[in-house]
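Worksheet for the structure shown next.
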Amino acid sequence: MIENFLTGSSALFGDPFTLAIFFFGVVGGMLFGAIPGVSMLTLAAILLPFTSDLSPAQGVMLFAVIYCTGTYGGAITAILFNIPGAPENAPTAFDGYPMTQQGKSGKAVGAAVLCSAIGGVASALVMMAATQPLATWAIRNIGPPEIFALVFFGLAVASSVGGRTIWKGWLSVLLGLLIATIGQDPVGGINRYNFGFADLAAGIAFVPAILGFFAVSEIFVQAEKRATGTFHTPRVGMSFPTIFELWAQKIAVLRSILVGFFCGILPGIGATLAAFMGYGEAVRWSKDKESFGKGNIEGVISSETANNAATGAAMIPLLALGLPGGALTAMMVAVFQMHDLEPGPLVFYNSPDLIWVVFAAMFYANLSILFVGILETKTILYLLKIPFQFLAPLILLLASIGAYIGRGLVLDVVVMFIAGIIGFLLRRSGYSIPGIVLGIILGKIGEQNFAQGMQMVHYDLVAYLSRPICSLLILAGILTLGVGVYQAFRSPEQKA
């Protein structure tokens with residue numbers, strides 16, 4: 001492995017043009033990842049036709065680098081402005097933005113930079129060491145029933161985050177699940193809740209909903225605070241967590257690496273579920289659950305470590321079995337096909353040079369987050385000093401562009417503003433915005449996999465639940481819900 005890694009590094013750094021493509025991917029991924037709505041997928045889609053002029057190794061490497069750095073880029077706007085650059089950065093905003101409001105933006109950003117790099121580098125190392133056996137195990141043991149059970153468990157854990165009471169947390173998740181049912185059902189293609197609007201048949205897109213619930217509602221909240229004289233300007237700065245602070249979070253970092261890697265290796269899941277699961281596990285194992293959603297640095301560390309840990313793992317099913325783990329890895333399949341190559345087991349034998357250049361580039365891309373990310377962050381930090389009357393319209397303009405550009409529908413901009421108004425009202429009433437967003441994102445993944453799983457077992461629920469991993473996760477989710485109900489009835493304040 002070491003010899004192959006050195007060979008890949010030599011090919012990367014020995015060719016100036018390849019190196020230039022690498023740095024373009026690093027900077028481009030971070031910038032597009034940081035712009036709300038205009039994610040790394042936008043950059044990848046723009047670049048896809050031009051990769052035909054590159055060598056296969058350069059083309060695949062460019063997309064792999066964008067994937068690594070773009071996953072980190074959205075954390076900055078999530079922390080500073082409560083505007084996740086992409087769905088996988090949404091959990092980072094849960095605690096990152098409250099830290100900004102408390103004058104701890106530098107600490108939150110520093111933790112995000114550091115832990116994104118740690119998660120990504122660890123993932124790249126495991127990817128290099130165990131791509132083929134891990135992919136084989138995942139494909140043999142993890143199917144739609146297990147993915148549905150994982151989503152159920154994640155929803156059960158995270159329903160306790162962000163709400164003023166546990167009941168409001170659950171109602172928030174249920175509202176998100178209800179929104180996720182808008183569109184066509186995954187089995188029969190029957191329209192649900194589209195009220196005659198053809199554009200709603202495709203459902204509510206993640207990005208406009210996230211921008212509305214986070215960015216637009218935040219603008220309303222900030223405007224209200226200024227109107228009532230309760231706004232306090234946050235202090236801005238850049239500081240890494242101390243060695244002692246990081247050491248205190250070692251278990252959270254290790255747990256999130258494992259969670260992120262496990263989610264990343266599952267075809268079709270990727271970094272979004274990894275971030276939510278990493279955050280949910282941090283809440284579940286914490287002795288101070290009430291502090292999450294209010295500025296707990298462990299929330300930032302867990303979600304950012306997990307989503308970057310998923311990047312290397314997502315390459316495993318792609319390279320070992322030819323199965324893309326998400327939208328961007330699906331584009332990589334297109335890059336392979338444009339050069340008359342097929343990702344899969346044979347690519348390790350037919351194109352070892354390509355594989356190890358990509359592996360080496362992903363390792364260095366995650367490492368470069370530490371350096372390039374700091375420079376980028378110091379620049380973005382100054383945006384917090386722009387007066388609100390100028391910054392708010394700029395954020396709304398960028399958010400509107402981000403909502404529209406995904407599908408080219410005016411409806412998505414309308415959805416964004418409606419979500420913003422609903423989010424503003426629900427935040428004032430103590431409901432959980434993270435819970436709603438989590439319900440929207442995981443609801444679609446869960447429903448689709450539940451339907452596929454039931455078809456696999458011919459609609460035999462006993463056979464469905466008799467799968468060991470599936471039944472274990474379902475049982476863990478039910479126990480989590482039971483403990484929540486017990487604690488709610490024991491604490492008088494939870495009954496409100």
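No experiment lies behind these values; they were computed from the predicted model shown.
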Taking all non-hydrogen atoms of both residues, which atom of [X] and which atom of [Y] are closest, and how far apart?
| X | Y | result |
| --- | --- | --- |
| Val65 | Gly25 | CG1-C, 3.5 Å |
| Pro98 | Ala93 | CD-O, 3.5 Å |
| Gly278 | Ser302 | O-CB, 3.5 Å |
| Ala201 | Asn194 | N-CB, 4.2 Å |
| Gly295 | Met99 | O-CG, 3.5 Å |
| Ser116 | Asn366 | O-OD1, 4.4 Å |

With sequence neighbours left out, write down each residue that passes side chain to side chain contact (heavy atoms under 4.5 Å, CB included) with Ile204, or none if nothing qualifies. Ile179, Ile182, Leu200, Ala209, Val415
Between [atom1] of [X] and [atom2] of [Y], what distance do you get to the nearest 0.5 Å?
| X | Y | atom1 | atom2 | result |
| --- | --- | --- | --- | --- |
| Ile436 | Leu174 | CD1 | CG | 10.5 Å |
| Met277 | Phe262 | CE | CZ | 8.0 Å |
| Tyr97 | Leu80 | OH | CG | 9.5 Å |
| Arg192 | Thr181 | CZ | OG1 | 5.5 Å |
| Ile301 | Gln249 | CD1 | CD | 4.5 Å |
| Thr71 | Met30 | OG1 | CE | 11.0 Å |

Before we go on, tell me: are the rings of Phe152 and Phe450 under 6.0 Å apart, centre to centre? no
Can you tell if the side chain of [X] reaches within under 4.5 Å of the side chain of [Y], non-hydrogen atoms only?
| X | Y | answer |
| --- | --- | --- |
| Phe148 | Leu473 | no |
| Phe292 | Glu298 | yes |
| Ile422 | Phe213 | yes |
| Val113 | Tyr72 | yes |

Treating [X] as the side-chain partner and [Y] as the backbone partner, does any N or O pair qualify as donor plus acceptor under 3.5 Å?
| X | Y | answer |
| --- | --- | --- |
| Thr480 | Ala476 | yes |
| Thr100 | Ile79 | yes |
| Asp185 | Ile190 | yes |
| Ser123 | Gly120 | no |

Which class fits the ring pair Tyr193 and Phe195: parallel under 30°, tilted 30 to 60°, perpendicular over 60°? tilted
In terms of the angle between their ring planes, are Phe94 and Phe276 parallel, tilted or perpendicular, with boundaries placed at 30° and 60°? tilted
Leu175/Leu426 under side-chain contact (heavy atoms from CB on, under 4.5 Å): CA gap, chis, key distance, verdict: CA-CA 11 Å; Leu175 176 60; Leu426 291 180; 3.7 Å; yes
Testing Val27, Ile369, Asn308, Thr311 one by one against Thr69 for a side chain to side chain contact (heavy atoms under 4.5 Å, CB included), which residue passes? Ile369
Hey, mind stepping through Ile257 and Ile118 against side-chain contact (heavy atoms from CB on, under 4.5 Å) and telling me if it holds? CA-CA 9 Å; Ile257 289 173; Ile118 291 173; 4.2 Å; yes
Pair Ser256, Glu281 - check side-chain contact (heavy atoms from CB on, under 4.5 Å), show working. CA-CA 8 Å; Ser256 297; Glu281 285 302 294; over 6 Å; no
Which is it for Phe424 and Glu224 under the side-chain contact (heavy atoms from CB on, under 4.5 Å) test, yes or no, and what are the steps along the way? CA-CA 10 Å; Phe424 171 66; Glu224 183 187 37; 3.8 Å; yes
